[in-house]
Number of protein chains: 2
Amino acid sequence: MGRMNQLTQPRPSFKAQMHQAREDAIVAATSRLLGEKGFETMTVDEVAAAVGIAKASLYKHFAGKDDLCAAAMVHVVARLQRFLDALPDELGPVQRLQALLHWLLQLQLGDETPLLPERNSALAQTLRGCDLYHACMQEVSARILAWIAQAQAAGQLRRELPPEVILCARLARAADPMLPLLRERGHDDADILAWAMDSCLGGLVARPAAMLT
Amino acid sequence: MGRMNQLTQPRPSFKAQMHQAREDAIVAATSRLLGEKGFETMTVDEVAAAVGIAKASLYKHFAGKDDLCAAAMVHVVARLQRFLDALPDELGPVQRLQALLHWLLQLQLGDETPLLPERNSALAQTLRGCDLYHACMQEVSARILAWIAQAQAAGQLRRELPPEVILCARLARAADPMLPLLRERGHDDADILAWAMDSCLGGLVARPAAMLT
DNA sequence: GTCTATACAGAGATAGAC
DNA sequence: GTCTATCTCTGTATAGAC
């Protein structure tokens, strides 16, 4: 019996591994196409073609386009979680937040799935009903909020803004229209990245000058 | 002949006026639906229904959905131009820029067509080929760039950022994902507006603190 | 120029053999 | 579980009468 178990139970079995691998490939392809073309424009046929399987096979893994794309979004959040996990312990809160911003901006410049669904996309509606997605987002939000609170306490982030606002301001950079706008005008990704970080963190008005009216 | 002219030429004739009025109504409805639902989700049937005419009649005015929505986008830019025209002469460049930002943010909060097409929307591709749209955008960009240059010269805007970057940073606020994000979390539009302006102009890091790494 | 009715295409989803 | 072939629905666009 023990030997049987070793052969059948110990790990997912080749079949299950294949299954999982294919599912991962599907999610990866979806994630890429979602970033390149957006939810409405992307088609399930394209995903199937990209993976190299038939569309019907895809529907054995996922209930529908919504389901598929929700999984892709969860995949992106999971990547973010792993990134946050991998941050060196010696980094302070501000440095962590800066690294996060850098990561989000690079993600968009790489034409990958943005962390946030596009405004008014049907995907946004779907995600509202996806508990797994909300749980992941909740987890990363809590972690980031803690860093923000620390940075504010240390006087490194502006205290006038609620932590939640700073959180949203950061996350929103993942889909900032400024990046495509500058790219369209022919700038290098490296420049765009630097400007985006600078304008987000430092703002637009001059330093010692008058505050808002 | 002169009298004939007075009767026939002097103004568009009732028919033409009706035509123009209907066309305006179509564009207005399109603009609203475009803001509410986005290009891909919005349907021509909905526009026709909103105006109260048959879809076929709509196609007598516009060649297709692309054409229709391009007209709507031009309409939005034209509104922006009128807003800029109406700014009081006594306002300085910084105040003008601030008013502009306020206007753009309010536009988005009102669920109207954002000044910029959504990322990866088919509309963006269409607009690339629309000379009228580019001409309008070029005109407003030039005007705003002039104010930015003045404000930078006066030390009121950061000189480290190229004027073009500041321009894009402003315009991009018209489609900033931060607004929907904060709204989803249950905040008032007034608060969101204030936070968006503050974080855009003043940035996130504390004032006298260390610069970027 | 406006309508009703319809053609046409694309994409999501499924049936049924293997 | 995967495939090929097909269904079905939705949405763009047009034909043709008035």
Side-chain angles (χ1 to χ4, degrees), chain A residues 12-27 29-30 32-34 36-73 117-118 120-127 129-130, chain B residues 12-27 29-30 32-34 36-73 118 120-127 129:
Chain A
S13 84
F14 289 153
K15 218 176 187 174
Q17 281 186 30
M18 290 296 294
H19 185 88
Q20 186 60 37
R22 208 167 17 241
E23 202 154 298
D24 290 347
I26 294 173
V27 168
T30 304
R32 191 169 48 77
L33 283 167
L34 205 50
E36 282 176 14
K37 318 192 51 169
F39 177 75
E40 334 284 343
T41 309
M42 174 202 77
T43 71
V44 179
D45 295 76
E46 286 170 335
V47 177
V51 181
I53 62 174
K55 181 163 56 168
S57 305
L58 201 156
Y59 275 93
K60 296 284 182 185
H61 290 269
F62 298 94
K65 190 185 184 182
D66 290 1
D67 194 43
L68 175 61
C69 292
M73 294 299 288
E118 316 173 40
N120 289 332
S121 170
L123 182 56
Q125 183 60 29
T126 299
L127 286 177
C130 178
Chain B
S13 83
F14 288 153
K15 218 172 180 174
Q17 281 186 33
M18 290 295 296
H19 184 89
Q20 184 61 38
R22 209 169 12 243
E23 202 154 299
D24 291 347
I26 294 173
V27 169
T30 305
R32 191 170 47 78
L33 283 167
L34 205 50
E36 281 176 14
K37 318 191 53 168
F39 176 75
E40 334 284 344
T41 309
M42 175 202 76
T43 72
V44 179
D45 294 75
E46 285 171 335
V47 176
V51 181
I53 62 174
K55 182 164 54 170
S57 307
L58 201 155
Y59 276 94
K60 295 285 181 183
H61 290 270
F62 298 95
K65 190 184 184 182
D66 290 0
D67 194 42
L68 175 62
C69 292
M73 293 300 288
E118 316 172 40
N120 289 333
S121 170
L123 182 57
Q125 183 60 29
T126 299
L127 286 177

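By convention in this document, chain letters (A, B, ...) are assigned in the order of the sequence lines, proteins followed by strands, and residues within each chain are numbered from 1. For the numbers below, each heavy atom of this structure counts, side chains included, while hydrogens, waters and symmetry mates do not.
In terms of heavy atoms, B/Ala124 sits closest to B/Glu118 at CB-O, 4.3 Å. Here the shortest heavy-atom pairing between A/Cys130 and A/Ala70 reads SG-CB, 4.5 Å. Shown here for B/Ile53 and B/Ser57, the closest heavy-atom pair between the two residues is CD1-CB, 4.2 Å.
Put simply, CD on A/Glu46 is 7 Å from P on C/dA11, counting in whole angstrom units. A straight line from CD of B/Glu23 to C1' of C/dG1 spans 12 Å, rounded to a whole angstrom. Between the C1' atom of C/dG1 and the CD1 atom of B/Ile26 lies a distance of 11 Å, rounded to the nearest Å. Here C/dT4 presents its P atom at 12 Å from CD1 of B/Ile53, a figure rounded to the nearest Å.
Applying the 4.0 Å criterion to OP1 and OP2 of C/dG1, one finds that B/Arg22 has every side-chain N and O outside that range. Between B/Ser57 and C/dG1, a side-chain N or O to OP1/OP2 separation shorter than 4.0 Å is absent.
For the side chain to side chain contact (heavy atoms under 4.5 Å, CB included) with A/Leu58, the lone residue among A/Leu68, A/Asp45, A/Thr30 that qualifies is A/Leu68.
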Query raised in the report: In B/S/- notation, 5' to 3', how is nucleotides 12-18 of chain D contacted by protein heavy atoms closer than 4.0 Å?
Result: BBBB---
Return all side-chain donor-acceptor pairs below 3.5 angstrom for residues 18-26 of chain B, not counting sequence neighbours, or 'none' if the list is empty.
| unit_1 | atom_1 | unit_2 | atom_2 | d |
| --- | --- | --- | --- | --- |
| B/His19 | NE2 | B/Glu23 | OE1 | 3.3 |
| B/Gln20 | NE2 | B/Asp24 | OD1 | 3.0 |
| B/Glu23 | OE1 | B/His61 | ND1 | 2.9 |

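A distance-only check finds a donor-acceptor pair linking the side chain of A/Lys65 to the backbone of A/Phe39 [under 3.5 Å].
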